[in-house]
Structure formats: C-alpha cells, structure tokens
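Have a look at the structure below, then the notes.
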Number of protein chains: 2
Amino acid sequence: MSTEKTRCKGIPLTVVKRLPGYQRLLSDLAAKEVERISSRELAAKMKINASQVRQDLSLFGSFGQQGYGYRVSYLLAEINKILGINTETKMVLVGAGHLGRAIANYHNFARRGFIIEALFDQNPQVIGKTINNLTVKDVRELGAYLTTAPAEIGIICTPAVVAQEIADLLVRHGVKGIWNFAPVSLKVPANVCVEHVHLGESLMILSFQLKQGEEASKIQKKLQNNC
Amino acid sequence: MSTEKTRCKGIPLTVVKRLPGYQRLLSDLAAKEVERISSRELAAKMKINASQVRQDLSLFGSFGQQGYGYRVSYLLAEINKILGINTETKMVLVGAGHLGRAIANYHNFARRGFIIEALFDQNPQVIGKTINNLTVKDVRELGAYLTTAPAEIGIICTPAVVAQEIADLLVRHGVKGIWNFAPVSLKVPANVCVEHVHLGESLMILSFQLKQGEEASKIQKKLQNNC
DNA sequence: CATACTTTGTTATAATCTATAACAATTCTG
DNA sequence: CAGAATTGTTATAGATTATAACAAAGTATG
C-alpha cells in the first residue's frame with residue numbers, strides 16, 4: 001500500500017490490533033486469580049495459533065519461561081506497559097460539541113489512566129459550562145494552558161475546517177499524540193502520532209455491506225466466471 | 001487470520017476501505033464540474049497506482065471507456081450506489097446516553113441519506129426527552145416499533161452488558177445491519193452485518209504508539225539484530 | 001475514413017505481509 | 001536426574017496486495 005501503513009512503530013499492525021485483546025484476556029485471568037498460562041491456552045482463548053502468540057509477544061521481549069509458560073500478573077503488567085495503560089496519560093479535548101461532550105463523559109478511559117485534564121471550545125455559549133467536573137475554556141487559551149500544564153494527547157472533536165489549525169497548535173505546544181474525530185487527514189510532524197476515528201467511513205462500510213448483500217448478483221456472477 | 005476477515009462480501013477489505021475515498025474525491029470533482037477523469041489522474045489524487053484504481057473499480061463493473069476515461073458524474077453515481085449513499089437508509093438508535101445523543105445530532109449522516117427515525121432508551125429520565133426533533137421512546141417499545149416501521153440499520157450505543165440482548169432484538173425484527181459502539185463483539189446470524197467502532201482500542205493503539213516512540217530503544221535493538 | 005493515440009478491463013507477475021511449523025534451548029516436575 | 005513441557009526464534013508455507021503488461025476498443029484529427 002502507498003498511503004496506509006501496515007506497520008506501526010516497527011510492529012505489524014495486525015499484531016498491534018491484537019494487543020488490546022491480550023490485555024483484556026489477561027485482565028480477566030488476573031481477576032480470576034489465575035497464576036500461569038501457556039501460549040497454547042492463550043491462543044485457544046484468542047482463537048489464534050500458539051505460534052502466533054509467542055511470535056507476537058517476542059516482538060516486545062521475553063516474558064515467559066520454558067517449561068512453565070507465562071506468569072499472568074507479570075505478562076499483564078508488561079502488556080500494560082507496552083500499551084501505556086495505568087501510567088496516567090494527560091489529555092486535552094478541543095471541541096466540546098455533542099461528540100466532545102460524549103468523549104469527556106466516557107469514564108472507561110479514566111479508569112485506565114487516560115485523564116482528560118481540560119476542555120476547550122470556540123463557542124461563547126459553550127465556554128464556561130461544566131462537563132464532567134471540568135469547565136470549558138476558551139480555545140484561545142489553549143496554547144497558554146499547555147505551556148503551564150503540558151499534555152501528551154490532544155483530542156480533536158472540532159468541525160473539519162478548523163481541525164488542522166488546532167492540530168498545529170497542539171503540536172506546537174508539545175502534544176505527542178492526536179486522537180482525531182474530525183473527518184480530515186491531518187498533517188503532523190513525523191514524531192507526532194495521529195489516530196483517526198472515521199465515523200462516516202465506518203457507516204459507509206456498513207452500508208456497503210448491506211447493499212452488496214441485497215444485490216449480490218453481480219459479484220456472484222463474477223465469482224462464477226472465475227470458476 | 002483466523003477471526004478477522006480480509007474480505008467483505010467477496011471484496012478485499014483494502015478495496016472497501018478505499019471506496020469512501022473515491023466517493024469523496026469524485027464528489028469534489030463533480031462540485032467543480034469536472035466532466036471526465038482518467039484512472040491515472042484518479043490514482044494521483046488518491047496517491048495510489050493507476051492499475052489499482054482500475055482493478056478496484058473492475059470488481060464492481062465497467063464504468064469507463066477506453067481512450068476516454070471515466071465520466072465523473074456517472075462514476076460518482078455508481079459508487080454512491082455501491083456504498084448505498086443517497087438512497088435513504090432508515091436507522092434506529094438504541095441508547096440515548098452521551099454517545100447516542102452525539103450520533104443523533106450528527107447531521108452529516110442525514111445529508112447522505114442515512115436517517116435516524118427513532119431513538120430508544122431504558123432510562124425513565126431520558127425517555128420522553130427530545131433530541132434533534134426526535135422523542136426518546138422506551139426501549140420496551142422497540143420490537144413493536146420495528147414491526148410497524150422497519151429499519152435497515154440499528155445503532156447500538158448502550159452499555160456493553162445489554163448490547164447483545166439489543167442486537168438479538170434488532171435482528172429478530174428485521175434489522176440487517178448493526179453499527180455497534182458497545183465494546184463487545186456481537187454474535188449475529190450470517191445474513192446480518194456488524195460494523196464495530198472500537199473507541200477504547202483506538203485510544204490504546206494511540207497510546208501504544210506514544211509509549212513505543214518514547215522507549216523505542218528495545219525495538220531498535222531488535223532491528224539492529226536483524227541486520 | 002484511416003491512422004495514431006489514449007485508456008480501459010483483465011490477466012499475469014512480482015512483492016509483501018501473515019500465519020504456521022519446526023526445533024534447539026531451557027526450565028519445570030516428580 | 002530423566003522425562004515432559006514450553007518458550008523464543010528461525011525457517012517455511014500460504015495469502016494477500018500491489019504493480020506491470022497487453023489486447024481490445026474507443027477517441028481525436030487531419
């Protein structure tokens with residue numbers, strides 16, 4: 001592929017996408033006070049191959065012991081480290097519209113150490129309001145705020161037209177990761193990470209599946225031609 | 001891969017993911033009243049290869065003419081058909097919490113023909129409230145409602161614990177696609193499509209990138225060993 | 001209206017990426 | 001201490017994806 005990457009920081013994206021799965025599984029096991037687990041058992045629960053589990057983990061280090069397997073608590077701790085969970089990550093959110101407010105109220109993030117420290121908006125009618133114990137600040141204060149209280153992640157929930165401008169501002173003030181909900185592809189320096197949530201595209205893909213299901217005739221014809 | 005599919009309705013997922021891109025590009029061209037475009041020009045704008053454009057499109061039919069290229073208006077219309085855009089798709093939304101309300105207020109969907117026809121919730125304090133001109137109904141009425149007013153897509157914005165139950169109910173009443181925002185993997189019959197939006201995983205992947213960037217030493221060592 | 005040019009749709013090929021298998025090395029267990 | 005178990009890693013096989021190549025068919029032009 002030209003534009004879309006298949007790797008992320010040197011790790012295959014397919015592996016990265018499995019990491020949250022491992023994390024959840026190990027959390028469950030830890031909660032059940034399971035002490036040890038083998039790659040075979042892990043694989044069974046993840047519905048993948050045992051080799052793959054070992055290969056995935058080996059990309060990050062050696063966490064198991066021959067003849068024994070993996071100590072659940074240790075492996076969980078290591079995966080949490082890899083994912084940056086439980087180490088308090090400070091975030092600021094820009095754009096306190098409907099979506100921004102929804103994100104600000106989502107407590108699951110905070111539970112894992114992702115803390116929204118401040119909210120910003122452009123709209124005078126929104127500025128000053130309190131959302132989930134935070135008062136919405138004027139976006140013009142964003143730069144000054146970040147200077148005194150740096151954040152690692154900036155969440156962009158603004159309209160598409162201003163998203164790039166906000167991204168630039170965030171980057172200029174030391175933000176290292178951007179969680180972007182605006183439907184534009186942001187340009188940022190190489191040392192800054194962007195994770196894009198494509199709601200519109202997601203809906204279109206669902207719609208695509210529906211339409212294809214309806215009139216699958218075309219494709220079936222194509223497939224028949226291949227035989 | 002074992003669990004994750006690489007194809008969607010017979011079409012490679014990589015292609016499906018490019019479709020919204022083509023759609024947006026062609027919309028822009030149509031707005032600028034551009035009449036024709038070649039695969040080479042399209043490819044340049046999409047930052048991919050011309051062969052790939054032709055191969056992508058050929059999966060759905062023959063939309064161009066040798067020696068001429070593609071008529072923008074026609075190709076756009078065809079891609080809109082493929083994606084199910086502009087053909088009024090009826091949706092119901094279940095779970096009018098923060099996220100549900102944000103979705104209900106997002107007008108970009110309606111602009112493309114995706115209409116939310118009704119909202120449902122379990123919470124008596126939410127039932128009866130008006131959101132974007134729709135009154136939130138009691139979720140216990142969901143089945144009866146769908147019987148009289150069928151919908152193609154159900155949007156699940158409920159807590160994870162009740163998501164499967166709601167999905168079952170939706171499917172039982174004829175919904176063919178589920179847009180799921182709850183952090184669980186739903187089980188549905190083969191003829192029903194699910195598109196999952198993983199907010200939590202998306203944030204974890206961003207966090208992963210940040211942490212890996214910080215202490216990239218490990219990986220760099222690994223890479224050096226490979227040389 | 002004939003010729004040169006363009007560009008598609010499709011088949012073939014190359015390149016890349018992903019998953020599986022295999023095994024030496026190491027630790028556990030009785 | 002011997003035998004069983006299981007890792008980490010390298011090698012291999014299997015898909016998938018992107019690119020190239022080309023015949024077929026239309027366009028443009030004098």
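Below, each value reflects all heavy atoms present in this structure, side chains not excepted, and no hydrogens, waters or symmetry copies.
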Rounded to whole angstroms, how far apart are CG on B:Asn49 and P on C:dT13?
18 Å
Would you tell me if any nitrogen or oxygen in the side chain of B:Arg18 comes within less than 4.0 Å of OP1 or OP2 on D:dA18?
yes
Rounding to 0.5 Å, atoms CG (B:Leu76) and CG (B:Asp28) come to a distance of 10.0 Å
Within the pair A:Arg36 and D:dT6, is there a side-chain N or O less than 4.0 Å away from OP1 or OP2?
yes
NA contact type, B:Ser51, heavy-atom cut-off 4.0 Å: base, sugar-phosphate, or nothing?
base
Within the pair B:Gln65 and D:dG26, is there a side-chain N or O less than 4.0 Å away from OP1 or OP2?
no
For residues B:Ser38 and B:Glu41, is any side-chain donor paired with an opposing acceptor at under 3.5 Å?
yes
Between B:Ser39 and C:dT7, is there a contact of a side-chain N or O with OP1 or OP2 at under 4.0 Å?
no
According to a strict under-4.0 Å criterion, is A:Arg71 in side-chain N/O contact with OP1 or OP2 of C:dT27?
no
Classify A:Arg7 by what it touches in the nucleic acid, base, sugar-phosphate, or nothing, heavy-atom distance under 4.0 Å.
nothing
Ring centres under 6.0 angstrom apart (B:Trp179, B:Phe114):
no
Whole Å only: how far is the CE atom of B:Met46 from the P atom of D:dA18?
11 Å
Against the six-membered ring of B:Tyr70, is B:Arg36 placed for a cation-pi contact (under 6.0 Å from the centre, within 45° of the normal)?
no
Would one find a side-chain N or O of A:Tyr70 under 4.0 angstrom from OP1 or OP2 of C:dT27?
no
Just N and O in the side chain of A:Gln66: are any of them under 4.0 Å from OP1 or OP2 of D:dA5?
no
For B:Gln52 and C:dA12, give me the distance from atom CD to atom P, rounded to whole Å.
19 Å
Can you tell me the distance, in whole Å, between the CZ atom of B:Arg40 and the P atom of C:dC5?
15 Å
